[in-house]
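One structure below.
Reminder, nothing fancy here: chain letters follow the sequence lines and each chain counts from 1. Everything numeric here is computed off the predicted structure, so don't read it as measured data. The analysis underlying the following values was restricted to heavy atoms, covering all of them including side chains, and did not include hydrogens, waters or symmetry mates.
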Number of protein chains: 2
Amino acid sequence: MAPTIIDVAKLAKTSKSTVSRYLNGKPVKKETEEALKKAIKELNYHPNMNARRLVLNRTQVIGIVVDDISNSFYSGILKGITEVSNKNGFDCVFYSWMSNHKGERDFINLLYEEQVDGLIFLNFSKREKEVVEEMKNTAFAVVLIGDDAGIQDVSSIDVDNFSGVGDVVRYLHRIGHRQLAYITGPESAGATQERTNGFEKTIRELGLAFNPELMVSSDWSNQGGYQAMKQLLEVGGFTAVVASNDQTALGAIGAAHEQGYSIPKDFSIVGFDDIEISKWIYPSLTTVRQPFVDIGIKAAEVLFEKIKGTKKQANSRILLKPNLVIRNSCLNL
Amino acid sequence: MAPTIIDVAKLAKTSKSTVSRYLNGKPVKKETEEALKKAIKELNYHPNMNARRLVLNRTQVIGIVVDDISNSFYSGILKGITEVSNKNGFDCVFYSWMSNHKGERDFINLLYEEQVDGLIFLNFSKREKEVVEEMKNTAFAVVLIGDDAGIQDVSSIDVDNFSGVGDVVRYLHRIGHRQLAYITGPESAGATQERTNGFEKTIRELGLAFNPELMVSSDWSNQGGYQAMKQLLEVGGFTAVVASNDQTALGAIGAAHEQGYSIPKDFSIVGFDDIEISKWIYPSLTTVRQPFVDIGIKAAEVLFEKIKGTKKQANSRILLKPNLVIRNSCLNL
DNA sequence: TTGTATGCGTTATCAC
DNA sequence: GTGATAACGCATACAA
């Protein structure tokens, strides 16, 4: 059996309350401290967290629930979250519903079951209204990153997808492009609608023609971009392609190369996300950088306000601005 | 306050023992079952996991400790682990020591503290002997993925790096290459030494000349590969480059392009890992695919043998074979 | 500063 | 089938 504070107390010839107090940084006499140190070391004592959490009614842990733990897009966000969390003296544990059929809803139980003190839900898919509603109604500390299903009064953080695509369209316009094609993301993604809106509205604002034939859909994969570009090349009549993410842009470049076109000479192509490889492909990709770390930081900050705050927080949606990164995949006309 | 089984018992006019039994699937009378169902729903009762774990002395959870939770290389491994874990009726929780200065050693405490029933350590860096020694000596269920610091009697899983590089060198030889350059990985990586050995030994086995000048080091980044290739191009005298990972290979291709060379016409280049993008760059990259999912599955299987097994398991090192993937970055001479 | 006594929410061992 | 009762390991109010 694992040693308990009772064992430590016996060995150090004191009582378990004293052991407990010592372990929690309360003052003990110099000599008992020595005895306790020795006993703890000798027994290789470690506190039982379950017992501690049971009596304290808190865990000093926050949970981060993601759909796919090793989605590299989450890297910066998770870094931001852990940073803030550690600063607050909390541990982070990560839960993934990856392969199994569980959804985010099931993880709300982590709060009821007192396994964590707060939860950040991270996921780039569209969320169901009922699930978000449930998160909103719980009394626990919960923050969403990504889609909020249009529900008010829920704390959520996201990137400003609308203005991000707007920036890139205005950039292409500024360097002389007038006929733009657009490759959308999948219906299932939370950002798709906003990015598409950003494209359409900005096109119209700039007084450019909007040709529905030059708007094709993809699933945000390399393969999807490849196929979308082939489709666009059959239609023709554009000088630049706005891909709604970098992977799609890379696939599109591949398709163009395959058909003997040169980028950016024949077509300008831009992406969205600024994934690491975008800087290293040939030509390097002009794109929109998401403020991933800041998203994580902001989400964690809001969460800790809720965990620690006595006053009831206003639950609102916070949008962070992305940045245009200009590289070599666009030609100045 | 959150409702407890006592509250449920009161509302259902029975005792807490009956509630507990019902919750654990033991038989109760039809009518008490109805009353309990109703009470649980009405109170929105959820069990307190800390209390349960305290008395049961187990968690039904395994932990996966990674250095960087969103390293995309881990994706397949984590998928494999969760798959096996769910099949065994266990939950997975992930811990990351990413940005903070903690090392793997600190997470051994999760076992002592009874937060998890077993632990898989995943990390591509070299491990310190003392840390592995500590893992070996603990009585808990522990499995390592990656480096084992040369320690015997520890359960560890890894890819067969030596034979992977060997395969690729033999392939280049088969299609006519006789002068090969090599870009190593960083000292800090667990696989670097084995991959380098694989290159050197195979070169010699094939009777090819080994020129130390054609062996340059990198940090496995795109940037590192870029610089390594520039260095190699100054030396010259090779027809093919073996990069010890894909990212390096991509950087090398970038450097070659920049100096006006064409791949694979002027140089053949191969990588290692088969990351997703390798299929989509231009030219697509010939590389060595790591059996990531299988690594995860194997690691979890070994872990559960330890968790459930009564008999003492033999702790050994298991190496899984990678596969050569031939694409378009190599020229048949 | 220290020890005693109590409770946290659950499971398990008994008798009934 | 059911209900009282004793653990599980820890923190803390209170008395000393």
Name the nucleic acid region contacted by A:Met49, choosing base, sugar-phosphate or nothing; use a 4.0 angstrom heavy-atom cut-off, strictly under. nothing
B:Glu133 and its side-chain contact (heavy atoms from CB on, under 4.5 Å) partner, picked from B:Ile151, B:Val154, B:Asp153: B:Ile151
Take the protein atom CG of A:Asn50 and the nucleotide atom P of C:dG7, then report the distance between them rounded to whole Å. 22 Å
Please give, in whole Å, the distance from C:dG9 C1' to A:Asn57 CG? 10 Å
Remember a base hit wins even if backbone is also touched, and classify A:Leu56 as base, sugar-phosphate or nothing at under 4.0 Å, heavy atoms. sugar-phosphate
Side chain B:Lys79, main chain B:Val293, donor-acceptor under 3.5 Å: no
Polar side-chain atom of B:Asp7 near backbone of B:Thr4 as donor-acceptor pair, under 3.5 Å: yes
Do B:Asp67 and B:Tyr74 have side-chain atoms, one donor and one acceptor, less than 3.5 Å apart? yes
Identify, residue by residue, the members of residues 5-22 of chain A with a heavy atom below 4.0 Å from DNA chain D, and return them in order of residue number, or none. A:Ile5, A:Lys16, A:Ser17, A:Ser20, A:Arg21
Side-chain H-bond candidate by donor/acceptor type, B:Thr59 with B:Arg53, under 3.5 Å: no
Parallel, tilted or perpendicular, as decided by the 30° and 60° cut-offs, for the rings of B:Tyr95 and B:Phe107: tilted
With a sphere of 6.0 Å drawn around CD of B:Glu34, does it hold more than 12 non-hydrogen atoms of other residues, nucleotides or ligands? yes
How close or far is atom P of D:dA11 from atom CZ of A:Arg53, stated in whole angstroms? 12 Å
Phosphate contact (D:dA11 OP1 or OP2) by A:Asn24 side-chain N/O below 4.0 Å: yes
Could you give the CG-to-P distance, from A:Leu54 to C:dT10, as a whole number of Å? 9 Å
Would you check if the side chain of B:Asp147 reaches a backbone N or O of B:Arg127 as a donor-acceptor pair within less than 3.5 Å? yes
When rounded to whole Å, the NE2 to P distance for the pair B:His46 and C:dT10 reads 12 Å
Residue-level proximity of residues 25-35 of chain A to DNA chain C when a heavy atom falls under 4.0 Å: A:Pro27, A:Val28, A:Lys29, A:Thr32
Nearest-Å distance for atom pair CE/C1', residues A:Met1 and D:dA7: 11 Å
Is it true that, when you exclude A:Lys136 itself, more than 12 heavy atoms of the residues, nucleotides or ligands shown sit nearer than 6.0 Å to its NZ? yes
